[in-house]
Every structure is written in structure tokens, then in C-alpha cells.
Amino acid sequence: MSEPTREPYGSEDAARAAIIDAARRMNALGINSGRAGNVSMRWHRGGADGLLVTPSALAYEAMTVDDLVWLPVEAPAGEDAGAEQPLRCDGTRQPSSEWRLHRDLYASRGDAGAIVHAHAPFSTTLACLPRIHVEGIPAFHYMIAVAGGDDIRCAPYAMFGTAALSAAARTALEGRRACLLAQHGLVALSGTLEAALELAVEVELLARIYWQALQVGEPARLDAAAMASVHARFARYRPDPTG
Ligand code: 13P
């Protein structure tokens with residue numbers, strides 16, 4: 001996957017404001033509600049690769065740029081693998097309980113410039129079904145390709161905010177830009193905040209259509225050859241889907 005496209009934020013405060021705006025838009029767009037979910041952006045400080053993330057359990061409407069938290073992508077030496085809080089972070093609030101999921105994805109995915117985690121209603125509905133746990137959302141529609149493969153996987157359930165959930169999400173995202181989290185929600189990553197938000201909306205629409213189709217019958221599936229053609233065409237139609 002390609003390197004992330006850097007967004008032209010002139011200052012860290014501008015980047016922080018864009019993250020809050022994206023978090024509020026998640027709710028306005030109907031892909032999240034209340035304080036659920038979290039949003040982050042890769043943000044270097046000096047020579048250190050890092051990320052800015054929304055704080056934990058704070059209403060997005062009340063959030064200001066000073067509430068966001070910066071932490072380094074590289075785990076500091078001596079940090080407990082099961083720690084609830086990062087050993088090193090910079091902010092007056094606690095970072096999102098999913099800081100590890102965000103940090104681990106930036107560490108392992110060079111193409112990740114921004115990450116959106118939402119409790120999107122149709123994605124979460126599907127993520128409660130055993131058939132989805134097993135096979136994810138299959139290629140019932142060609143737009144499944146926007147998530148990077150021939151399906152959108154569902155990471156097995158793990159407690160929110162844990163290293164186990166982070167590991168499960170990383171596995172489900174291999175070769176993909178989005179996945180479901182069992183009994184939880186969705187994760188979308190992309191090169192930019194705008195693209196990550198757009199992808200989360202697209203995944204939620206696919207989940208809704210798949211859910212609708214399941215109400216009236218067993219949806220047909222596109223085979224591997226058909227999806228290979230879609231991926232090839234996407235390379236021309238949307239040459240940089242991560243940007
Ligand atoms: P935070 O408010 O701690 O980000 O938690 C919300 C959430 O969705 C946890 O998965």
C-alpha cells in the first residue's frame with residue numbers, strides 16, 4: 001500500500017481542529033452517535049513519528065483543540081504491553097481508550113495517515129452476526145473493492161481498549177483499509193482524514209445494503225475474477241483510493 005498523502009495543515013492546531021471536525025461529522029453523517037468512536041491523524045513532532053487522537057469519553061460538541069492528545073508511534077521502552085494508558089503522551093486529557101489500536105496501526109501501516117473508528121449502526125448490526133464473524137461482508141457488490149480486497153473482514157470480539165482488540169483489528173485489516181469489529185463497530189484508515197471518513201461512510205452504506213439484501217434473500221456474490229477486474233478498473237477510476 002502506498003505512503004500516506006500529507007494534508008496541508010499549516011499548524012498542529014489546524015490539524016487538531018480538523019480531527020474534531022471529522023469526529024463531529026461522523027455523528028452528523030449518522031455513522032456514529034454520542035461519545036462513541038474516536039478519530040486520529042498521524043502527526044510528526046520534530047523527528048518523532050506520532051499521532052494526534054481524540055480524548056476519551058468527551059462529547060465531540062464540547063471538544064476543543066486543547067483536549068486532543070499527542071503520543072509517539074513507537075512504544076516507549078518499558079511500557080507494559082497490557083497498560084490501559086500509554087507510558088508517554090502529551091495532553092491534559094486521557095487519550096481515547098483505543099489509543100493502542102490507533103498507535104499500532106500507524107506503526108504497522110505506512111499507508112495510514114488518519115484513522116476513523118465509529119459505532120456505525122448497520123456495520124455494527126452485521127458485526128453482531130455469527131455469519132459475518134466467519135466471512136465478513138463478502139463481495140456482494142463491486143464497491144467492496146474500496147476497502148482494498150474482495151471482502152470486508154470482521155475482527156473477532158475483544159474488550160474495547162485492549163491490546164487484544166488492536167491485534168485483532170490489525171489482522172482483519174491486512175491488505176484492507178477497513179474492517180468491522182465484532183459486537184463493536186468499524187475501523188477505516190486512509191492517507192488523509194477526509195479519505196478515512198469517506199471510506200467509513202462507504203463501508204456503512206455497503207453494510208446497510210447488505211443488511212437490506214439479507215432481509216429478502218441470499219445475496220448473490222461476485223466471483224474472484226469479477227473482483228479482480230474491479231480492482232484493475234479501480235486502479236484507473238480511483239487511482240489513489242487511500243488519498
Ligand atoms: P473513547 O471515548 O475512549 O475513545 O472510547 C470510545 C470507543 O468507541 C471505544 O471503542
Side-chain angles (χ1 to χ4, degrees), residues 15-43 50-71 73 79-80 82-106 112 114-128 132-133 152-173 178-189 193 196-197 199-201 203-204 207:
R16 286 169 176 247
I19 292 169
I20 296 171
D21 181 56
R24 289 178 182 156
R25 279 158 61 206
M26 289 197 301
N27 288 15
L29 287 163
I31 64 162
N32 192 65
S33 59
R35 299 159 197 237
N38 25 76
V39 179
S40 70
M41 185 194 298
R42 193 188 291 271
W43 189 262
L51 64 131
L52 288 165
V53 66
T54 47
S56 188
L58 190 69
Y60 298 121
E61 285 315 310
M63 205 171 278
T64 72
V65 291
D66 295 330
D67 293 319
L68 268 66
V69 181
W70 183 87
L71 54 149
V73 162
E79 187 178 271
D80 179 351
E84 274 192 27
Q85 294 301 329
L87 194 58
R88 211 192 128 204
C89 67
D90 182 14
T92 56
R93 303 258 183 199
Q94 304 277 23
S96 165
S97 53
E98 301 297 1
W99 60 270
R100 192 186 291 276
L101 180 149
H102 291 258
R103 191 180 76 178
D104 291 348
L105 282 172
Y106 289 117
I115 299 169
V116 167
H117 163 51
H119 294 188
F122 287 95
S123 302
T124 308
T125 301
L126 292 183
C128 294
I132 301 292
H133 298 166
I152 298 173
R153 300 188 194 104
C154 184
Y157 176 78
M159 169 82 161
F160 78 95
T162 59
L165 180 62
S166 169
R170 256 178 302 147
T171 302
L173 283 164
C179 72
L180 306 183
L181 305 177
Q183 277 82 29
H184 191 154
L186 68 77
V187 177
L189 66 84
L193 205 47
L197 187 61
L199 178 57
V201 170
V203 169
E204 175 65 353

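In each ligand, atom 1 is the first atom listed, and ligand 1 is the first ligand listed. All heavy atoms count here, side chains included; hydrogens, waters and symmetry mates do not.
Protein heavy atom in closest approach to atom 1 (P) of ligand 1: Ser97 OG, 3.5 Å. Asn38 ND2, 3.5 Å is the protein heavy atom nearest to atom 7 (C) of ligand 1. Counting only heavy atoms of the protein, atom 10 (O) of ligand 1 lies nearest to Glu98 OE2, 2.6 Å.
Residue His117 approaches ligand 1 through these ligand atoms, each under 4.0 Å from one of its heavy atoms: 8 (O), 10 (O). Taking every non-hydrogen atom of His184 and a distance limit under 4.0 Å, the qualifying atoms of ligand 1 come out as 10 (O). Listed by number with element, the atoms of ligand 1 under 4.0 angstrom from any heavy atom of Ser96 are 1 (P), 3 (O), 4 (O).
For the ligand labelled ligand 1, residue His119 lies inside the 4.0 Å heavy-atom shell.
Judged purely by atom type and a 3.5 angstrom limit, Trp99 has no side-chain atom pairing as donor or acceptor with the backbone of Gln94. In this structure, Asn32 contributes its side chain and Ala120 its backbone to no donor-acceptor pair below 3.5 Å.
When side chains are defined from C-beta on, Arg100 counts as touching Glu79, because their heavy atoms get closer than 4.5 Å.
Remark: ligand 1 and Gly37 share an N or O pair separated by less than 3.5 Å (distance only, no angle test). In terms of polar-atom proximity, defined here as any N/O pair under 3.5 Å, Ala57 does make such a contact with ligand 1.
Between the CG atom of Leu165 and the CZ atom of Arg170 there is a distance of 10.5 Å, given to the nearest 0.5 Å.
Note: Tyr106 and His102 have tilted aromatic rings, judged against thresholds of 30 and 60 degrees for the angle between ring planes.
Nearest heavy atoms, Trp43 versus Trp70: O-NE1, 2.8 Å.
The number of heavy-atom neighbours closer than 6.0 Å to CD of Glu84, taken from other residues, nucleotides and ligands shown, is 12 or below.
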